[in-house]
2 protein chains.
Amino acid sequence: MATTKPLTRIQEKNRALVLDAALEVFSREGFRGATLDAIAREAGLSKPNLLYYFPSKEEIHITLLEGLVDTWLDPLRALDEDGDPQEELRAYVRRKLQMSRDFPRESRLFAQEIVQGAPRIERGLSTDLKTLVDAKASVIARWQKAGRLAPVDPHHLIFSIWSLTQHYADFEVQVRAVLGPDRDPLTEAEAFLDTLFTRLLAP
Amino acid sequence: MATTKPLTRIQEKNRALVLDAALEVFSREGFRGATLDAIAREAGLSKPNLLYYFPSKEEIHITLLEGLVDTWLDPLRALDEDGDPQEELRAYVRRKLQMSRDFPRESRLFAQEIVQGAPRIERGLSTDLKTLVDAKASVIARWQKAGRLAPVDPHHLIFSIWSLTQHYADFEVQVRAVLGPDRDPLTEAEAFLDTLFTRLLAP
DNA sequence: CGTGGTCTTGACCATTTGGTCAAAAAGAAA
DNA sequence: TTTCTTTTTGACCAAATGGTCAAGACCACG
C-alpha cells in the first residue's frame, strides 16, 4: 500500500497550484488539448518543475477527477429519507444548481470525461456511483410507495436532475448565446426548475 | 461566392467516407484527440489521400459541424403553432429523443464543441440558433397567453428539452453504468419524459 | 489506343509535445 | 558556517502529428 509520506508546506502549496491550473486548462481544452506547457504557464511554474510534483500529465488528470467524483456526489448523499420528500428533492436540485454556479470548470471537466466514454474513471462509475444512486433511488421508491411523491421512475428522476442542472454549466456558451447578454441564466433556472419539480413531484 | 464545382462520383463517395470516419473519431476522441492517421485508418484511406479531399483537419471538423447544426434544429423547426400545444411539445421531445437514439455520435460531437466554448461555431450560435429559438419561444408564449399551456419560461422550457433528451446520448456511459446492463435507457426515458412534460405543461 | 485529367501513395519535413537529466539554487538543520 | 535535502530550471530528446510533394496508378473519352 502507498505509505503516503507527509507533504512539505511547499509541496502542499504547489500541488494545489498545479491542480487548479490543470482544472482551468483541462476543462477549457480537454485532456488531449491541454498541454503541460499551458498548465505550467497557468500555474506559474516551469514545466520540469511541474513534473517534479506530478509524474505525468495523466496523473494530474486522474488526481483531479478522483477528487471530483466525491464532491460531485455530496449533494445526493445529503438527500435525507427522514425529511419531507418533495422538499428534499427540490433542495437537491438547488444544491446541484449551486454547484453549476460555483464550480463550472469542475462540471465541464467531468462532462468531457463522460462524453468521451469515461476512459479514466470507469471504476468509480460502476461501483461508487451506482451504489449511491441505487440506494437513493430506493429511498425515493419508498417515498412513492407511501404516496408522498408522484410515481415516476427514481433513476430517471435523478438523471433529470443531473441533466437539467449541469446543462447550465456545461452548455453555458449555448445558453448565453440564446438568452442574450442581459439575462441571468442561473437565477432564472432556479425559478424554472423549482416550478418544474414542484409539478413533477406532487403525488 | 464559392462557385462550387460539381463533384465526381469518386469525390462524392470518398468525401462521405471521410466525414463518416471523422464523425466516429472526433466524437470519440474530441478534436485534439483525433489524429489524421486515425481518421484515415477508419475511412480506409491513406493520410495523403484523405488530405486530397479536405485541405486540413480543421476543415473536416468545420464541414461536419456545419452540416450538423441544421439537422440539429430540424425537430424544433417542425414545432407547429397551429397544432395542439401540449402535443406539439411532447412530439418535439420524442423527436429529440429519437435523435439521441439514432445519432449519438452527432450529439456527442456537438456537445463537446459546446462544452469547450464552441470555438468553431460561434457564428451559428448567436445568429441561426438564437433566431430560431426566439421565434419558437414566442409561439410558446402565445400558447401560454391563450391559457393552453402552463406559464413556464419558454426559453428554459426549450433548454430543458435539450438537456433531458441529449443527456441520454451524451452521458450514455454514465446512464448505462447506473442502470446496469439489463435496462434500456432510451425506452424508459420516453415514458419518463412523456410523464414529466405532461405534468409540466398542463395549464 | 493515347492522352489529359483524376486519384493515390511512399517518403519526407517542421513543429509540437510529453518527459528526462544534470546541475544550480534555495531551504533546513547543525 | 557547513552540510544535507528539497526545489527549480535550461538544455535536450524521442515520438507523435499535421501537412507537403513528386511520382506513379487509374480512368474517361476522343
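Every chain is numbered from 1 and lettered A, B, ... according to where its sequence line falls, protein lines coming before strand lines.
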Selection residues 86-130 of chain A - residue pairs positive for ring pair (Phe, Tyr, Trp, His ring centres under 6.0 Å), sequence neighbours left out: A/Trp72-A/Phe110
Interatomic distance where CG belongs to A/Leu17 and C1' belongs to D/dT7 [whole Å]: 14 Å
side-chain N/O B/Tyr53 vs C/dC7 OP1/OP2, d < 4.0 Å: no
Residues which pass ring pair (Phe, Tyr, Trp, His ring centres under 6.0 Å) with A/Tyr168, listed by chain and number, not counting sequence neighbours: B/His156
Listed partners of B/Asp134 passing salt bridge (charged side-chain N to carboxylate O under 4.0 Å, His left out), at least two apart: B/Lys130
N or O in side chain of B/Asn14 less than 4.0 angstrom from C/dT8 OP1/OP2: yes
Distance test, side-chain N/O of B/Gln11 to OP1/OP2 of C/dC7, below 4.0 Å: yes
Nearest-neighbour nucleotide for the A/Pro48 side chain, D/dG10, C/dT8, D/dT8 considered: D/dG10
For atom CD of A/Glu59 and atom P of C/dT20, their distance in whole Å: 13 Å
Dump every N/O contact between nucleotides 24-30 of chain C and the protein below 3.5 Å, one line per pair.
none

With a 3.5 Å cut-off and sequence neighbours excluded, list the donor-acceptor pairs that the side chains of residues 58-67 of chain B form with protein atoms.
unit_1	atom_1	unit_2	atom_2	d
B/Glu58	OE2	B/Arg120	NH1	3.4
B/His61	ND1	B/Arg120	NE	3.1
B/Thr63	OG1	B/Glu59	O	2.7

Pairs meeting criterion side-chain hydrogen bond (donor to acceptor under 3.5 Å, both in side chains) with involvement of residues 39-52 of chain B, two or more places apart: none
Residue-phosphate contact under 4.0 Å: B/Tyr52 side-chain N/O, C/dC7 OP1/OP2: yes
Which residues share a salt bridge (charged side-chain N to carboxylate O under 4.0 Å, His left out) with A/Arg148, sequence neighbours left out: none
Residue-phosphate contact under 4.0 Å: A/Asn49 side-chain N/O, D/dG10 OP1/OP2: no
Whole angstrom value for the distance that separates C1' of D/dT9 from CG of A/Leu50: 13 Å
Spacing between B/Phe54 atom CZ and C/dT8 atom P, to the nearest angstrom: 13 Å
Which atom of B/His155 lies closest to which atom of B/Val133, heavy atoms considered: CD2-CG1, 3.7 Å
Could you list the protein-to-nucleotides 17-19 of chain D atom pairs, N/O on both sides, closer than 3.5 Å?
unit_1	atom_1	unit_2	atom_2	d
D/dT17	OP1	A/Arg32	NH2	3.0
D/dG18	OP1	B/Ala34	O	3.3
D/dG18	OP1	B/Lys57	NZ	2.9
D/dG18	OP2	B/Leu36	N	2.8
D/dG18	N7	B/Lys47	NZ	3.1
D/dG19	OP2	B/Lys57	N	2.8
D/dG19	N7	B/Lys47	NZ	3.4
D/dG19	O6	B/Lys47	NZ	3.2

Donor-acceptor contact below 3.5 Å, side chain B/Lys136 vs main chain B/Arg77: yes
Value in whole Å for how far the C1' atom of C/dG18 lies from CZ of A/Arg41: 15 Å
Between side-chain atoms of residues 14-30 of chain A and protein atoms elsewhere (two or more places apart, or another chain), which donor-acceptor pairs fall under 3.5 Å?
unit_1	atom_1	unit_2	atom_2	d
A/Asn14	ND2	A/Tyr53	OH	3.0
A/Arg15	NH1	A/Tyr53	O	3.3
A/Asp20	OD1	A/Arg105	NH2	3.1
A/Glu24	OE1	A/Arg105	NH1	2.8
A/Glu24	OE2	A/Arg28	NH1	3.1
A/Ser27	OG	A/Leu23	O	2.8
A/Ser27	OG	A/Glu24	O	3.1

